[in-house]
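Working notes, structure below.
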Amino acid sequence: MAFDSYTLRNQFPILQQTAYGYPLAYLDNAATTQKPLFVLDAIQDYYRSFNANVHRGAHFLSDRATNHFEQARERLAHFINAPKNSHVIWSKGATEAINMVAYGLEHLLQKDDEILITSLEHHANLVPWQQLAFRTGARLRVLPLTSNGEWENEYQKYFTDRTRIFAATQVSNAIGVSTPLKTMIAEAQKYHAFTLVDGAQAVAHYPVDVQDIDCDFYVFSGHKMYGPTGIGVLYGKSQALEVLIPYQTGGEMVRHVAYQATEFNLLPYRLEAGTPHIEGAIGLAAACEFLTQQDRPALLAWEQKLANHVYTRLIKEGGIELYSPEKNTTLVSLSVPNIHTIDLNAYLDSKGVAVRAGSHCAHPLMAQLGVSGTLRASFACYNTLEEADQFCDVLLEAIEILGDD
Amino acid sequence: MAFDSYTLRNQFPILQQTAYGYPLAYLDNAATTQKPLFVLDAIQDYYRSFNANVHRGAHFLSDRATNHFEQARERLAHFINAPKNSHVIWSKGATEAINMVAYGLEHLLQKDDEILITSLEHHANLVPWQQLAFRTGARLRVLPLTSNGEWENEYQKYFTDRTRIFAATQVSNAIGVSTPLKTMIAEAQKYHAFTLVDGAQAVAHYPVDVQDIDCDFYVFSGHKMYGPTGIGVLYGKSQALEVLIPYQTGGEMVRHVAYQATEFNLLPYRLEAGTPHIEGAIGLAAACEFLTQQDRPALLAWEQKLANHVYTRLIKEGGIELYSPEKNTTLVSLSVPNIHTIDLNAYLDSKGVAVRAGSHCAHPLMAQLGVSGTLRASFACYNTLEEADQFCDVLLEAIEILGDD
Amino acid sequence: MTDFPTPHTVKQQLQACRSKEETFKALVTLSKALPRLSGEEKTEDNKIKGCESAVWLIVEEDAGRRYFRADSDAKLMRGVLVAVISLVTGKTQQAIQEKDLKAELAELNLSSYLTSSRSNGVLAILQALQA
Amino acid sequence: MTDFPTPHTVKQQLQACRSKEETFKALVTLSKALPRLSGEEKTEDNKIKGCESAVWLIVEEDAGRRYFRADSDAKLMRGVLVAVISLVTGKTQQAIQEKDLKAELAELNLSSYLTSSRSNGVLAILQALQA
Ligand SMILES: Cc1ncc(COP(=O)(O)O)c(C=O)c1O
Ligand SMILES: Cc1ncc(COP(=O)(O)O)c(C=O)c1O
């Protein structure tokens, strides 16, 4: 394989530590990834050399800050193949981006209109739509996807002439399956619904082409793709962004303000009130550059190999329920009958293995699977086969100790 | 004086550079401040040692990240003398915090209710209220303050039984005057109005005691007080925060989610949807610590001395209109008849002086002053008398060259 | 199902642990001493809010003394419940309220249950016990 | 009020500048060559959106050639306007559109007017000239 995770790890100083005397195996990457030195250096460089407020100033530092900030937007546009920079709106993260759309479309929704989501959604791509439905009298409908991420038989009946918004995740954070995104979007388009894709779990692993997906909106968070916290992106087609009522108002997003009326600015600024998270935008652009410099197919193949390795070892053991697919995923999600995932988690932690237990912010999906939660090990490019084995070994040990009744 | 800005400057590597061959005099601190090494180190330390997602995880790194994140909240609470940590809600900045309140109170507003602001407000503390008024049929009223920040004669008539919200800045970003905050708040309380104070220009300079001010809400941005970008605070009294409808929904802010209904979490989490800006919170707490370690009265006295020095030099020259007060302010705001502030700004920049020209996001205030914009030099603790003189010298040179007709 | 242990036994068992692994094993052993609640007893009212695992707590009073029964769907939490309950059961409300339970848990090597991310759980239980 | 300078004079004056300060002085000199617009000509329609200072532009056509008159409330901007207009005035629309105005401004030491924070202004003017 063209790439070597052991070399790449040198970019991540945080991984070179022990936890309670054990090597730290950080397998909680679907929650947040670690940051390469390349990103940390970009942040330091910003604050040490050219920090200033953007757009409004005209001096040595503010010119440089503005140039870097707008170049960051350009890099992000390039990263997801957006046709123009102005399609990239900075947000705090995926959650804020979805809320921006839910708020911005409210004026177009009427009683008995329908908002369609899938059964695999994270709360971030569910609660904003549910609350929007409550406010407008629209109905929230749920497209049932099987736990393999496939369509149910009669999915057609969920799309109707009243479907105004269709929001779907690209990859499930809880069980790692990918959804049949392009066909779902195409189906929604037949009904002229606005389409939003939650790419939070996709961007770190898969190449994303928003023009190919052809959705109206695409959202993601920087911190899940090797970038800083507090920054994310709302991508939108021009016409889609144009109809959004600005979610926030204030400085930067206005042309002229009088007490009686305010004239808003053009895109992208119209949707970016206040001083932006300049450091975050520059750091996230550095994360894109870091990823672009890698052999991305090799990275993905490696992450999938680690997940598959764990899947294969555990399925052989028996007595473990696996919810993630065997292949083509970068995480493993499981439960063990009669042992609480929180107990497994605590035991794994005590031996240096960082994973996540619980509902993964997807209560309805857990209900559908018939569990209160799962244990999730999620991989990033810097993880190693040793870490995958450390997870399996300690998990089996935990089952032995905790299963003792 | 107990403090020495030349020593303090060593904490700010960005200031040790030249612009076009001239020493860089960064006098645009009201737009954003530079960050001390103490803050930069806290950011690096976070990403290099304990970056993880907070609250939802239970492992070595997430425990440490959560502890630091919640300690950051505690430090902020302490910094503004909030009675409990849960009164501190993280926001993207002052702008988002004001929008959170404007959105959250909408359900309490009726047609013909009144929202009262002052004539000194930044667009961030104006447009959200104006738009709220448009949405609800409430009236936006403007309490006229003189350009000395004093009450107009008949201010009483602006407070009425219909005044539901009173929002005022503590310090004007455009002209540097302080408002008669406590008496205004007390007046608003007589009418049981919700009170919000925009502290964006206050926190870096003045000690803030929210219990003493006794406002319902107090907002500010981290980047204007030596902290990172993308982070700020919404402080609120318990009862005030409790009535806010959550502005954003999604993960973290929920207790339980079903398709039919969602149970929200307790404060502060109820108002913090999604993965927070963890680095930002930790960096901002470091900025508070940095400030707390200084002799703050000495810092303020120094900043005021610099502003007063410039004021005194320029007033002697004649032909310059000064809008900021002579004393008790940390900035100088001016215009020169027949010379556009943008031209002055460009000339100053060419000699390394970074100031700001324009309306300072306060169009209505500019209209009141009868100018299209002003030139503003704003000081921070690391500025020097040499820089203040560099500003005056280059400004006078600019007036000579540009005034030549 | 063993007898409900005394604070002394709990202390001995937990303080002897030299690693997290040993603490877990000890908590598993302790957990077996917790009489499980019946389905009907696991009501919403008895549920303690803010725990990552489901925890139910029933307080009974007899002659001025308080007795606690509890359950959880997580085994280690049941072990923790045995430890905490051993510290307070059979005492008067006032005696319970005067205790510094956080400090006592820390002495039992259980302080990792008191960090802010997990505390939601155990701190809420302590509050319920001292209510 | 001097004659409207030729591209050649503009080039000579601006390319001779060895510092930003000299460029400013040259722009001030150039600005004097710009005939000011009357109050009535400064309409909202003639105003170019997106400039930090107010800029008005009037296009007139005569025998297939375009002539530009402009004004601004900022003096340096008036100097810049003289420079840009000298490059295009009296030419056909097609000839104007074929020009790489950004590159020509850069040659005139005016590239600092083309950075993204200030560009709003000058880039909007170039667009209007080439429309
Ligand atoms: C008085 C005042 N209020 C509000 C703001 C908005 O702050 P931010 O842009 O950080 O949200 C500013 C800063 O521009 C300000 O000076
Ligand atoms: C699929 C999915 N959508 C949305 C989110 C929300 O992202 P954030 O918390 O960064 O806003 C997450 C992450 O938690 C996620 O996994």
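Proteins get letters first, then strands, A, B, ... in listed order; numbering begins at 1 in each.
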Please state whether the side chain, the backbone, both or neither of [X] comes within less than 4.5 Å of a heavy atom of chain A.
X        : answer
B:Leu24  : side chain
B:Ile342 : neither
B:Arg139 : neither
B:Thr33  : backbone
B:Val254 : side chain
B:Leu126 : side chain
B:Arg64  : side chain
B:Phe264 : side chain
B:Ile98  : neither

Which one wins on heavy-atom pair count under 4.5 Å against chain A: [options]?
options                                : value
B:Glu96, B:Met100, B:Met253            : B:Glu96
B:Asn99, B:Val353, B:Leu40             : B:Asn99
B:Phe50, B:Trp90, B:Phe12, B:Tyr103    : B:Tyr103
B:Ala362, B:Pro246, B:Ala261, B:Ala102 : B:Ala261

Would you give the length of the straight line joining atom [atom1] of [X] to atom [atom2] of [Y], rounded to the nearest 0.5 angstrom?
X        : Y        : atom1 : atom2 : answer
A:Thr32  : B:Ile278 : OG1   : CD1   : 6.5 Å
B:Ile231 : A:Lys92  : CD1   : NZ    : 7.5 Å
A:Gln131 : B:Thr262 : CD    : OG1   : 5.5 Å
B:Leu15  : A:Arg48  : CG    : CZ    : 12.5 Å

| task | Classify the angle between the aromatic ring planes of A:His256 and B:His363 as parallel (below 30°), tilted (30 to 60°) or perpendicular (above 60°). | result |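 Aromatic pair A:His256/B:His363 classed parallel.
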
In the structure I gave you, are the side-chain heavy atoms of [X] and [Y] within less than 4.5 Å of one another anywhere?
X        : Y        : value
A:Tyr259 : B:Ser119 : yes
A:Thr275 : B:Ser221 : no
B:His223 : A:His277 : no

Smallest separation among heavy atoms of [X] and [Y], with atom names:
X        : Y        : result
B:Gln260 : A:Phe134 : O-CZ, 3.1 Å
B:Ala258 : A:Pro364 : CA-CG, 4.4 Å
A:Phe60  : B:Asp349 : N-OD1, 2.8 Å
B:Gly251 : A:Cys361 : CA-SG, 4.1 Å
A:Gln17  : B:Ser49  : NE2-O, 3.1 Å
A:Tyr47  : B:Gln34  : O-OE1, 4.4 Å

| message | Under 3.5 Å, is there a donor on one side chain and an acceptor on the other for B:Gln248 and A:Thr95? | response |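 No.
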
| query | Taking it one step at a time, do A:Asn53 and B:Arg356 satisfy side-chain contact (heavy atoms from CB on, under 4.5 Å)? | reply | CA-CA 10 Å; A:Asn53 212 327; B:Arg356 180 146 304 216; 4.1 Å; yes

| message | Please identify, among A:Ala354, A:Gly93, A:Ala124, the residue contributing the most non-hydrogen atom pairs under 4.5 Å to chain B. | response | A:Ala354

| Residue selection (most heavy-atom pairs with chain B, distance under 4.5 Å) from A:Val257, A:Val127, A:Leu348 |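 Between A:Val257, A:Val127, A:Leu348, the count favours A:Val257.
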
| Do B:Asn51 side-chain atoms and A:Lys35 backbone N/O form a donor-acceptor pair below 3.5 Å? | no

| task | Assess the pair A:Tyr247 and B:Tyr247: is the distance between their ring centroids shorter than 6.0 Å? | result | yes

| Side chain / backbone / both / neither for A:Arg135 at chain B, heavy atoms under 4.5 Å |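 Just the side chain, heavy atoms under 4.5 Å.
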
| task | Taking side-chain contact (heavy atoms from CB on, under 4.5 Å) as the test, write out the residues that go with A:Ala52, two or more places apart. | result |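 side-chain contact (heavy atoms from CB on, under 4.5 Å) check on A:Ala52 returns A:His59, A:Leu61, A:Ser62, A:Ala65.
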
